[in-house]
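Shown next, in structure tokens, is the structure this report addresses.
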Amino acid sequence: MQPLRSINFSDIMLNYHFEEDSRCTLMVKEHILFYVYSGEVEVNENGEISRLRKGNCAFIRKDNRVSLIKRPIEGEPYHATVLRLTRKFLHEFYRKLGPEEIPGDSKRSKTSLLVLAADRPDIQSLFGSIKPYYYPTVQPDKKWIELKMTEAVYTLLHTDKNLYASLFDFTQPWKIDILEFLENNYMYDLSLEEIASFTGRSLATFKRDFSRISDTTPQKWIIRKRLEVAHREITRNQRKVTEVCMDVGFKNLSHFSRVYKNRYGVAPTNNNN
């Protein structure tokens, strides 16, 4: 029987099976922990390439963009499980932690990909218990999935105390700096809801926090940032207008030209001479 390419349980536990190379680029919207049963996945994060094979487990922090190549290797298909650690679940998990369990010196790592030791008993136990659901006759119930998510969180917290700052970035002192996030991600097509989630906030909290640090709206801030970068690339680096337009996040050249002229008084093509 030809196995399914993917099986999705409650949009939290995802099982993947590919017998041919599969490529994708995505903005990671929730923290994920994944385990490779066979095959290989190549993770490209801002030019940094990591390859994970059979028995490897890794954590990818949300709020970053990665490219993935999943491929069979040595006659075995790519076969992996992904656990998505949702913001709602992490909120509930954090509320149950006692003050003595929370390290005060945890710091958010600048690295988004963390490869875990392959021979750990907790990792083998967690993903060994999930593997039977690749060809399920019944779907696991919600309580069972929540138990696996709990195991996954403890696996991460026992790996590195600095992961407290990544997993619980919705609370002080680990809230993500909004302007730093926007400086690094202004070029992507993200909704306000997505930006709020990536910075560990509800939409209402994001709007309130943003109003404290800027006298404009988030949308106007992003447009202004895109134009500033575009202006620099066109005037100083003499790059082509069409390339710069796409690179900074504009989808439409005529719209880019119009807002550029409104800000700088000339069309971008006139600045490119």
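Numbers for residues simply follow the sequence, beginning at 1.
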*Can you check side chain to side chain contact (heavy atoms under 4.5 Å, CB included) on E42 and I49, steps first, answer last?*
CA-CA 7 Å; E42 180 180 298; I49 296 177; 3.5 Å; yes
*Residues I60, L114; criterion side chain to side chain contact (heavy atoms under 4.5 Å, CB included); working and verdict*: CA-CA 7 Å; I60 300 181; L114 174 66; over 6 Å; no
*Show your reasoning for whether side chain to side chain contact (heavy atoms under 4.5 Å, CB included) applies to F250 and L227.*
CA-CA 9 Å; F250 288 100; L227 289 172; 4.0 Å; yes
_D209 vs I213, test: side chain to side chain contact (heavy atoms under 4.5 Å, CB included). Steps then yes/no._
CA-CA 7 Å; D209 288 353; I213 58 177; over 6 Å; no
*When you look at E30 and R87, which way does the salt bridge (Lys or Arg N to Asp or Glu O under 4.0 Å) test go after all the steps?*
CA-CA 7 Å; E30 303 280 4; R87 185 170 181 269; over 6 Å; no
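Other residues, nucleotides and ligands place more than 12 heavy atoms under 6.0 Å from the CD atom of E92. The 12-atom threshold is exceeded at NZ of K225, counting heavy atoms of other residues, nucleotides or ligands nearer than 6.0 Å.
Under the 4.0 Å criterion applied to side-chain N and carboxylate O atoms, R65 and E45 are not assigned as salt-bridge partners. Using a 4.0 Å cut-off between charged side-chain N and carboxylate O, K175 and D169 make no salt bridge. Under 4.0 Å is where a charged nitrogen must lie from a carboxylate oxygen, and between E40 and R71 at least one such pair does.
Inter-residue side-chain proximity for L126 and K148 is flagged as met; some heavy-atom pair is nearer than 4.5 Å. Between V153 and L33 there is no side-chain heavy-atom pair separated by less than 4.5 Å. The shortest side-chain heavy-atom distance between V43 and I69 does not fall under the 4.5 Å cut-off.
Checked against a 6.0 Å centroid threshold, the rings of Y154 and F93 count as neighbours. You'll find the ring centres of Y37 and Y35 inside the 6.0 Å limit. Taking the ring centroids of F59 and H31, they lie under the 6.0 Å cut-off.
With no hydrogens or angles considered, a side-chain donor-acceptor pair links T159 and R120 at under 3.5 Å. In the model, S254 has no side-chain atom that pairs as donor or acceptor with a side-chain atom of S257 under 3.5 Å. Side-chain contact, K131 with T81: no donor N or O sits under 3.5 Å from an acceptor N or O.
Y264 and H231 have parallel rings, their planes meeting at less than 30° on a 0 to 90° scale where 60° marks the start of perpendicular. Aromatic ring pairs are classed by plane angle as parallel below 30°, tilted from 30° to 60° and perpendicular above 60°; the pair F170 and H91 is parallel.
Hydrophobic clustering of Ile, Leu, Val, Met, Phe, Trp and Tyr side chains at less than 4.5 Å, counting indirect connections, keeps V41 apart from I73. Criterion: ILVMFWY side-chain heavy atoms under 4.5 Å apart, direct or through other members. Under it, Y186 and Y188 are part of a common hydrophobic cluster.
Once rounded to the nearest 0.5 Å, the distance linking CD of E194 with CG of D189 reads 8.0 Å. The distance from the CZ atom of R232 to the CD atom of E228 is 8.5 Å, given to the nearest 0.5 Å. Rounding to the nearest 0.5 Å places CD1 of I178 at 14.5 Å from CZ of F198. One finds the OG atom of S129 at 5.0 Å from the CH2 atom of W144 (value rounded to the nearest 0.5 Å). One finds the CE atom of M13 at 13.0 Å from the CD atom of E146 (value rounded to the nearest 0.5 Å). Taking CG of L113 as the start and CD of E48 as the end, the distance is 10.0 Å to the nearest 0.5 Å.
Here the side chain of S214 pairs no donor or acceptor atom with the backbone of F210 at under 3.5 angstrom. Judged by distance alone, the side chain of S38 and the main-chain N or O of P77 form a donor-acceptor pair under 3.5 Å. Counting only distance, with no hydrogens or angles, the side chain of T171 and the backbone of F168 share no donor-acceptor pair below 3.5 Å. Not one N or O on the side chain of R239 forms a donor-acceptor pair closer than 3.5 Å with the backbone of I234. Not a single donor-acceptor pair under 3.5 Å links the side chain of T205 to the backbone N or O of R201. Side chain of N56 to backbone of V36: no donor-acceptor contact under 3.5 angstrom is found. Under a 3.5 Å cut-off, the side chain of N184 and the backbone N or O of E180 do form a donor-acceptor pair. The main-chain N or O of K161 is found under 3.5 Å from a side-chain atom of S106 such that the two form a donor-acceptor pair. Listed for the R108 side chain is no donor-acceptor partner under 3.5 Å among the backbone atoms of W174.
Closest heavy-atom contact between V244 and E233: CG2-CB, 3.8 Å.
Geometrically, K70 engages Y16 in a cation-pi contact, judged by NZ or CZ lying under 6.0 Å from the ring centre and within 45° of the ring axis.
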